[in-house]
Amino acid sequence: MPKPTVGRIVHYVSYGTPSGEYTSQCRAAIVTEVHPGTEGRGVSLAVLNPEGLFFNQSCAHYEPDGAGMPPGGSWHWPEREES
Ligand SMILES: [Zn+2]
């Protein structure tokens with residue numbers, strides 16, 4: 001798994017609402033900072049929501065394991081669509 005660097009585009013997992021009105025989604029995000037001492041797992045992100053920009057300075061890495069969405073507030077490398 002490559003380590004993120006500033007300027008890379010990754011996925012940020014949005015939080016869903018408890019009532020399920022909004023579900024957790026993958027959003028495009030630009031790495032704005034890689035936190036020292038985290039082996040590249042902890043980053044700050046500029047999240048590109050359809051409704052606007054949002055900045056999160058504490059995102060942990062959770063790669064999807066095929067058993068549903070990773071936790072809200074985490075980041076992962078963008079999935080590849082099988083053709
Ligand atoms: Zn994703």
Side-chain angles (χ1 to χ4, degrees):
M1 197 60 60
K3 286 185 183 168
T5 52
V6 169
R8 294 293 300 272
I9 294 189
V10 298
H11 277 184
Y12 171 81
V13 180
S14 69
Y15 289 94
T17 50
S19 61
E21 186 182 5
Y22 293 97
T23 55
S24 197
Q25 301 281 338
C26 288
R27 298 299 189 200
I30 299 170
V31 177
T32 55
E33 190 174 42
V34 179
H35 300 165
T38 65
E39 298 289 317
R41 298 181 66 84
V43 300
S44 298
L45 297 176
V47 182
L48 309 170
N49 286 297
E51 305 82 12
L53 272 178
F54 154 69
F55 296 90
N56 189 323
Q57 293 183 282
S58 178
C59 300
H61 178 245
Y62 281 90
E63 206 59 28
D65 58 5
M69 286 292 275
S74 67
W75 74 271
H76 56 268
W77 293 107
E79 295 86 348
R80 292 179 195 278
E81 196 71 40
E82 300 295 328
S83 57

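In listed order, ligands and their atoms are each counted from 1.
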Neighbour count above 12 (heavy atom, 6.0 Å) for Tyr22 OH: no
OG-OH distance between Ser24 and Tyr15, expressed to the nearest 0.5 angstrom: 9.0 Å
Aromatic plane relationship, Trp75 with His61 - under 30° parallel, 30 to 60° tilted, over 60° perpendicular: tilted
N/O/S atom name from His11 that is nearest to the position of the Zn ion (ligand 1): ND1
Where the Zn ion (ligand 1) is the vertex, angle from Cys26 SG to Glu79 OE1 to 10°: 130°
Atom of His76 nearest the Zn ion (ligand 1) (restricted to N/O/S, atom name only): NE2
Flag side-chain contact, heavy atom, 4.5 Å: Ser44 against His35: yes
